[in-house]
Novice: 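Questions regarding the structure given below will be posed in turn.
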Amino acid sequence: MGLAASRCLSDHSIDHVVLERGEVANSWRHERWDSLRLLTPNWQSRLPGYQYDGPDPDGYMTMREVIEFISRFAARSGAPVRTHTAVTRVRRSDDGYDVATSNGDLRCRTVIIASGACNAPSVPALAAAIPASIQCFTPFSYRNPNDLPDGGVLVVGASATGVQLADEIVRSGRPVTLSVGEHVRLPRLYRGRDVLWWMEASGVWNQRYDEVDDLVRVRRLPSPQLIGTPERVTLDLNALSAVGVEIVGRLSAVRDGEALFSGGLRNQFALADLKMNRLLATFDEWARSHGRDAEVGAPERFEPTRAPESSRLKLDLRKTGIRSILWATGFKPDYKWLDVPVVDEKGHLRHDGGVVDAPGLYALGLPFLRRRKSTFLSGAEDDGRELVDHLVNYLAKPAAES
Ligand SMILES: Cc1cc2nc3c(=O)[nH]c(=O)nc-3n(C[C@H](O)[C@H](O)[C@H](O)COP(=O)(O)OP(=O)(O)OC[C@H]3O[C@@H](n4cnc5c(N)ncnc54)[C@H](O)[C@@H]3O)c2cc1C
């Protein structure tokens, strides 16, 4: 997002610098597991004035390809990036901000925070009660199934990360139990097209933050159960049950070495199925009303999520052979370096569509920042341009007024 903002700033001839604690595309180089591919199709990989133009628009990039894609963009747009420069403190000054870095200090009138929404795994407090004999992993420490000890694995969380890793781990021959809370079910393909084609074409992907009813809630929605594979498979809970993953409810407590799971799986499944079907109906209505029915397949509905006959409510972690736990419970940003009072008690930045609650401070890349697509590569351009327009107007005012 920082590189996208840089492109937009350059288009306005605004003098700026991009500070990066590691290398270009750092998170893709160092904070992802080996098998990960983007869940967004290649045609949707675009940044300001730059877009995937390879031979496989419907494929999904590997991490190596993502790193190449972003590095090429940085080089082509001539972004003034200072790598290996960690921002250690940002503080308000009389006419802007004082920025301390591992490579010296800077002063500037405005700051765009593009440090990412996923700087650290978000692990629930109940993890503290897990017996010491069980090894815990997060998407930051897990690289591939060889990292895990032999024996059973409990994967907690069934959004994009949890379903992808449960699938990979069960295929490595380890028994997997998957703990499922609120989740967003989506098919990979719908009526012959990628579900993200439907999202984009129907306008859902571009939906704006000032158009939704409950912004707080949509900003916290989990990522959809999707995986990008050459075979373009759907990876939902039915697919995971079919390969032998045991599905249990939300992990609610750990007591005396026992993991306790909520009941009500059937309700969770019914809700996720209902929401998916509502979205598919939105797509159908869009295709009908825009005269697009002829270019896609017939409307489809998918088998409801199969609930286990009786789901397990308790798992004795030691006696049942669980040797490791993978916390696929989400990610959180890190603002420890931000010495401006704009972070609420839950660790979220206070902002209105990326205009942060302090003069001349902006943010990019947060969930539903200005649009549903804001945390995705394809969201960088529209958000970046609008925020940079705001920033340009801000800079046009004399410092004393702003
Ligand atoms: C597992 C996973 C899968 C994803 N899959 C997709 C996908 O399929 N498609 C898609 O479009 N998006 C995907 N995303 C979202 C993806 O993170 C964003 O598209 C994109 O990386 C966001 O860019 P960003 O610049 O906001 O954050 P990041 O890519 O995290 O970049 C932030 C940068 O800031 C640097 N930084 C942080 N703190 C400091 C500091 N104090 N000083 C200096 N530098 C700092 C970091 O080193 C990093 O390079 C995925 C995310 C995750 C976690």
Side-chain angles (χ1 to χ4, degrees), residues 1-6 17-47 51-52 59-63 65-67 69-71 73-74 79 81-90 99-103 106 111-122 138-140 142 157 159-165 188 194 196 199-200 205 222-224 226-229 328 330-339 349 354 362-367 369 371-381 383-384 387:
M1 296 288 167
L3 294 170
S6 167
V17 63
V18 182
L19 304 180
E20 168 54 58
R21 63 181 167 190
E23 300 151 85
V24 165
N26 204 54
S27 56
W28 301 105
R29 290 176 197 272
H30 301 294
E31 295 168 4
R32 309 283 190 256
W33 57 95
D34 294 347
S35 66
L36 181 67
R37 284 174 181 263
L38 291 191
L39 54 77
T40 45
N42 291 338
W43 57 261
Q44 211 177 34
S45 289
R46 36 177 123 84
L47 288 163
Q51 128 151 53
Y52 175 86
Y60 309 90
M61 288 186 199
T62 61
M63 288 306 99
E65 291 164 336
V66 178
I67 294 163
F69 178 78
I70 294 176
S71 303
F73 173 64
V81 187
R82 286 190 205 162
T83 51
H84 304 289
T85 303
V87 174
T88 51
R89 199 187 59 231
V90 169
V99 179
T101 84
S102 55
N103 252 336
L106 300 164
V111 172
I112 300 179
I113 301 170
S115 49
C118 303
N119 302 125
S122 176
T138 70
F140 275 47
Y142 171 92
S159 293
T161 302
V163 295
Q164 291 182 24
L165 296 184
R188 179 74 269 177
D194 197 290
L196 290 173
M199 293 279 242
E200 202 165 295
W205 197 237
S223 59
L226 278 179
I227 186 170
T229 60
F331 300 91
K332 57 185 181 188
D334 172 15
Y335 299 122
K336 282 200 281 294
W337 47 271
L338 187 58
D339 192 5
L349 208 55
Y362 297 89
L364 272 174
L366 303 180
L369 183 96
R371 293 173 175 79
R372 192 176 294 278
K373 64 182 177 184
S374 287
T375 32
F376 293 87
L377 294 171
S378 63
E381 175 155 18
D383 286 5
L387 282 177

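The model shown is predicted, which means the values in this text are computed figures rather than measured ones. Counting convention: from 1, in listed order, for ligands and their atoms alike.
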Novice: Under 3.5 Å between some N or O of ligand 1 and some N or O of T161?
Specialist: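 By distance alone, the answer is no.
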
Novice: Given W337, W33, W28, identify the one with the heavy atom nearest to atom 1 (C) of ligand 1.
Specialist: W33

Novice: Classify the contact between E31 and ligand 1 as side chain, backbone, both or neither, using a heavy-atom distance cut-off of under 4.0 Å.
Specialist: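 Contact part for E31 vs ligand 1: neither.
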
Novice: Classify the side-chain pair E23/H30 by whether it contains a donor and acceptor separated by less than 3.5 Å.
Specialist: yes

Novice: Which protein heavy atom lies closest to atom 41 (N) of ligand 1, and at what distance to 0.1 Å?
Specialist: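 Of every protein heavy atom, V87 O, 3.1 Å lies nearest to atom 41 (N) of ligand 1.
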
Novice: Where is the nearest protein heavy atom to atom 27 (O) of ligand 1: which residue, which atom, and how far?
Specialist: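 Protein heavy atom with the smallest distance to atom 27 (O) of ligand 1: G116 CA, 3.3 Å.
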
Novice: Tell me, which protein residue and heavy-atom name are nearest atom 8 (O) of ligand 1, and how many Å apart are they?
Specialist: L39 N, 2.6 Å

Novice: After noting the C-alpha distance and the side-chain angles of S115 and W337, does the key distance pass the side-chain hydrogen bond (donor to acceptor under 3.5 Å, both in side chains) rule?
Specialist: CA-CA 11 Å; S115 49; W337 47 271; 4.5 Å; no

Novice: Hey, is D334 touching ligand 1 through its side chain, its backbone, both or neither, going by heavy atoms under 4.0 Å?
Specialist: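 No part of D334 comes within reach of ligand 1.
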
Novice: For F69, check ring-ring contact (aromatic ring centres under 6.0 Å, His included) against everything at least two apart and list the hits.
Specialist: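 Result, ring-ring contact (aromatic ring centres under 6.0 Å, His included) vs F69: Y50.
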
Novice: Identify the protein heavy atom lying closest to atom 47 (O) of ligand 1, giving its residue, its atom name and the separation to 0.1 Å.
Specialist: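 Checking every protein heavy atom, the shortest distance to atom 47 (O) of ligand 1 gives E20 OE2, 2.7 Å.
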
Novice: Could you state the interatomic distance from CG (L338) to CG (L349), rounded to the nearest 0.5 Å?
Specialist: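 Answer for the CG-CG pair, L338 versus L349, is 6.5 Å.
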
Novice: Answer yes or no: does an N/O atom from S378 fall short of 3.5 Å to an N/O atom of ligand 1?
Specialist: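 No, there is no polar N/O contact under 3.5 Å.
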
Novice: What closest approach, in Å, do L366 and G116 show between heavy atoms, and which atom pair accounts for it?
Specialist: CD2-O, 4.5 Å

Novice: With backbone taken as N, CA, C and O and side chain as the heavy atoms from C-beta onward, which portion of F376 lies under 4.0 Å from ligand 1: side chain, backbone, both, or neither?
Specialist: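 For F376, the contact with ligand 1 is made by both the backbone and the side chain.
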
Novice: Does ligand 1 have any atom sitting under 4.0 Å from a heavy atom of P139?
Specialist: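 Checking ligand 1 against P139, which is what was asked, there is no heavy-atom contact under 4.0 Å.
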
Novice: What's the spacing between L39 CG and I227 CD1 if we round to 0.5 Å?
Specialist: 9.0 Å

Novice: Could you tell me if T161 and W33 have a donor-acceptor pair between their side chains, going purely by distance under 3.5 Å?
Specialist: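 W33 vs T161: no donor-acceptor pair found between side chains.
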
Novice: How far does CG of N26 sit from OG1 of T83, to the nearest 0.5 angstrom?
Specialist: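 Result: 9.5 Å between the selected atoms.
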
Novice: As an exercise, state the distance from CZ of R188 to CG of D194, rounded to the nearest 0.5 Å.
Specialist: 4.0 Å

Novice: Looking at atom 44 (N) of ligand 1, what's its closest protein heavy atom, distance included?
Specialist: R21 N, 3.0 Å

Novice: Taking side chain as C-beta onward, heavy atoms only, is M61 less than 4.5 Å from L36?
Specialist: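 No. Closest side-chain heavy atoms not under 4.5 Å.
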
Novice: Among all protein heavy atoms, pick the one closest to atom 28 (P) of ligand 1 and tell me residue, atom and distance.
Specialist: S27 OG, 3.5 Å

Novice: Which of the atoms of ligand 1 are close to T40, meaning less than 4.0 Å from one of its heavy atoms?
Specialist: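 Checking each atom against T40, I get 7 (C), 8 (O), 9 (N), 10 (C), 11 (O).
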
Novice: Could you give the distance from CH2 (W205) to CZ (R372), rounded to the nearest 0.5 Å?
Specialist: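 That separation rounds to 9.0 Å.
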
Novice: Looking at atom 3 (C) of ligand 1, what's its closest protein heavy atom, distance included?
Specialist: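 Scanning the protein heavy atoms, the shortest distance from atom 3 (C) of ligand 1 goes to L36 CD2, 4.0 Å.
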
Novice: At less than 4.0 angstrom from any non-hydrogen atom of S115, what atoms of ligand 1 do you find?
Specialist: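 Selected atoms, number and element: 32 (C), 34 (O), 37 (C), 38 (N).
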
Novice: Please work out which of R32, E23, M61, R37 has its closest non-hydrogen atom nearest to atom 52 (C) of ligand 1.
Specialist: R32

Novice: Name the closest protein heavy atom to atom 15 (C) of ligand 1, giving the residue it belongs to and the distance to 0.1 Å.
Specialist: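 In this structure, atom 15 (C) of ligand 1 has T375 O, 3.4 Å as its nearest protein heavy atom.
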
Novice: Could you list which atoms of ligand 1 come closer than 4.0 Å to a heavy atom of L377?
Specialist: 10 (C), 11 (O), 19 (O)

Novice: Could you list the residues that satisfy ring-ring contact (aromatic ring centres under 6.0 Å, His included) with Y142, not counting sequence neighbours?
Specialist: none

Novice: Determine whether the side chain, the backbone, both or neither of L19 has a heavy atom under 4.0 Å from any heavy atom of ligand 1.
Specialist: backbone

Novice: For ligand 1, which atoms sit closer than 4.0 Å to a heavy atom of A86?
Specialist: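 Counting from 1, the qualifying ligand atoms are 42 (N), 43 (C).
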
Novice: Could you check R29 against E20 for salt bridge (Lys or Arg N to Asp or Glu O under 4.0 Å), going step by step and ending with a plain yes or no?
Specialist: CA-CA 13 Å; R29 290 176 197 272; E20 168 54 58; over 6 Å; no

Novice: Check whether any side-chain heavy atom of S27 lies under 4.5 Å from a side-chain heavy atom of R32, and answer yes or no.
Specialist: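 A side-chain contact exists here, since the closest heavy-atom pair is under 4.5 Å.
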
Novice: Please determine whether any non-hydrogen atom of T85 lies less than 4.0 Å from an atom of ligand 1.
Specialist: yes

Novice: Should one rank K373, Q44, M1, R89 by closest heavy-atom distance to atom 26 (O) of ligand 1, which comes out on top?
Specialist: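 It is M1 whose heavy atom sits nearest to atom 26 (O) of ligand 1.
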
Novice: Which one holds for A380 and ligand 1: side chain close, backbone close, both close, or neither close, with close meaning a heavy atom under 4.0 Å?
Specialist: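 None of A380 does.
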
